[in-house]
Amino acid sequence: MDLGIAGRRAIVCAASKGLGRACAFALAREGVHVTLTARSADALEATAEEIRKATGVTVTVAPGDIATEEGRAAALAACPEPDILINNAGGPPPGDFHDWDRDDWIRALDANMLTPIFLIKATVDGMISRRFGRIVNITSGAVKAPIPILGLSNGARSGLTGFVAGLSRQTVKHNVTINNLLPGPFETDRLRKTMEGGAKAAGRSIDEEMDLRRKANPSGRFGEPEEFGAACAFLCAAQSGFMTGQNILLDGGAFPGTM
């Protein structure tokens, strides 16, 4: 299926590895020229070169922390008029809410709520004027089914979800859609990190813990980042202009709800 986005320009945040990297690859394979952001300049350039060799599109890098004003400015300077924006940032650490102070909450809000909002603010008017825009926020399956030890993430990402619910109904008449992708367990470094605590508490190795979690998922496995990237690319398609304000859950069936 031709998604109709060849030649478009995209900013993909936190794109050096994991789900962000998968989204960048999926868009590039559709002919989208991508600007990649991440904190590690070396890892970012390595990913950029892989995408260039595999797809032939123009790949620009903007190293920096997207959760800072400087990081956002660098990304926007590299791609001032994106047609596609993929918001993504690493989640805050797990823990007990009794241990989190105001600074912990502000860091979580900055990364997982305010940064996407500021990037949307900086780009959405241009998309409206060009009559095309696709914004995808990578949030978390915890938005639908909160995970107690990820309270910082639950709160910040749910705040972004509420904001998007209102704005997305205002922009869609201009062919600018805003949707959220909610990953469940995918084979990423972040997943291993979040499972370390459970493994330690149970006296198991991280590999044993991961195997048990795979078997507990209805699919019997974790998701592959490439599957996530493909879903992201579809939300960015020219044919996806009638879908907005949605929270698309990719979790192998782990969420047990009907709706």
Side-chain angles (χ1 to χ4, degrees), residues 1-15 17-37 47 50-51 54-59 79 82-89 116 119-120 123-124 127-128 130-141 143-144 157 160-161 164-165 167-169 171-188 217-219 221-255 259:
M1 179 178 176
D2 182 356
L3 300 186
I5 51 177
R8 297 287 186 183
R9 299 176 300 273
I11 293 175
V12 185
C13 301
K17 59 184 179 179
L19 301 183
R21 180 180 186 276
C23 292
F25 256 103
L27 290 171
R29 290 191 179 103
E30 295 297 325
V32 177
H33 304 296
V34 292
T35 294
L36 313 181
T37 79
T47 294
E50 286 185 57
I51 295 175
T55 66
V57 303
T58 301
V59 184
C79 184
D83 305 296
I84 295 167
L85 170 63
I86 311 301
N87 280 315
N88 183 33
L119 287 170
I120 292 170
T123 58
V124 73
M127 294 177 180
I128 288 171
R130 295 188 297 274
R131 300 289 301 180
F132 182 91
R134 299 289 184 264
I135 299 172
V136 177
N137 304 303
I138 300 176
T139 63
S140 170
V143 171
K144 285 186 69 73
R157 297 189 193 278
L160 175 64
T161 303
V164 165
L167 181 62
S168 60
R169 271 76 182 183
T171 63
V172 66
K173 65 183 176 183
H174 304 289
N175 192 29
V176 177
T177 65
I178 312 175
N179 292 289
N180 306 313
L181 272 180
L182 285 59
F186 279 79
E187 290 273 6
T188 63
N217 190 281
S219 68
R221 65 182 180 91
F222 294 146
E224 295 295 334
E226 292 76 16
E227 295 174 291
F228 190 89
C232 179
F234 176 74
L235 287 180
C236 298
Q239 300 92 331
S240 298
F242 204 58
M243 181 188 300
T244 198
Q246 300 305 302
N247 295 289
I248 311 301
L249 181 64
L250 289 84
D251 70 347
F255 178 67
M259 301 294 184

Would you be so kind as to tabulate the donor-acceptor pairs closer than 3.5 Å made by side chains of residues 230-241, with sequence neighbours excluded?
unit_1 : atom_1 : unit_2 : atom_2 : d
Q239   : NE2    : D2     : O      : 2.7
S240   : OG     : F234   : O      : 2.5

For [X], enumerate each residue passing the side chain to side chain contact (heavy atoms under 4.5 Å, CB included) test, keeping only those at least two apart in sequence or located in another chain.
X: N175; value: F132, R134
X: V172; value: T177, T244
X: K144; value: L182, L249, F255
X: E226; value: E224

Contact check, side chains of L119 and I11, non-hydrogen atoms, under 4.5 Å: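 They are not in side-chain contact.
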Contact list for residues 173-188, test salt bridge (Lys or Arg N to Asp or Glu O under 4.0 Å), sequence neighbours left out: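 Qualifying pairs: E187-R214.
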Got a sec, which residues hit side chain to side chain donor-acceptor pair (under 3.5 Å) with [X], two or more places apart in sequence or on another chain?
X: E227; result: R221
X: N137; result: N87, N180
X: N179; result: none

Looking at every heavy atom in both [X] and [Y], which two are closest together, and how far apart are they?
X: T188; Y: P225; result: CG2-CG, 4.3 Å
X: L250; Y: L181; result: CD1-CD2, 3.4 Å
X: P218; Y: G252; result: CB-O, 3.5 Å

Enter the distance from [X]:[atom1] to [Y]:[atom2] here, rounded to the nearest 0.5 Å.
X: D83; Y: I135; atom1: CG; atom2: CD1; value: 11.0 Å
X: C13; Y: L85; atom1: SG; atom2: CG; value: 6.0 Å
X: I178; Y: L160; atom1: CD1; atom2: CG; value: 9.5 Å
X: H174; Y: I128; atom1: NE2; atom2: CD1; value: 5.0 Å

R131 (side chain) donor-acceptor with M127 (main chain) under 3.5 angstrom: no
Name the atoms and distances for all side-chain donor-acceptor pairs under 3.5 Å in residues 18-35, with sequence neighbours left out.
unit_1 : atom_1 : unit_2 : atom_2 : d
R21    : NH2    : E50    : OE1    : 2.6
R21    : NH2    : E50    : OE2    : 3.3
H33    : ND1    : T58    : N      : 3.1

For F186, ring pair (Phe, Tyr, Trp, His ring centres under 6.0 Å) partners two or more places apart: F228
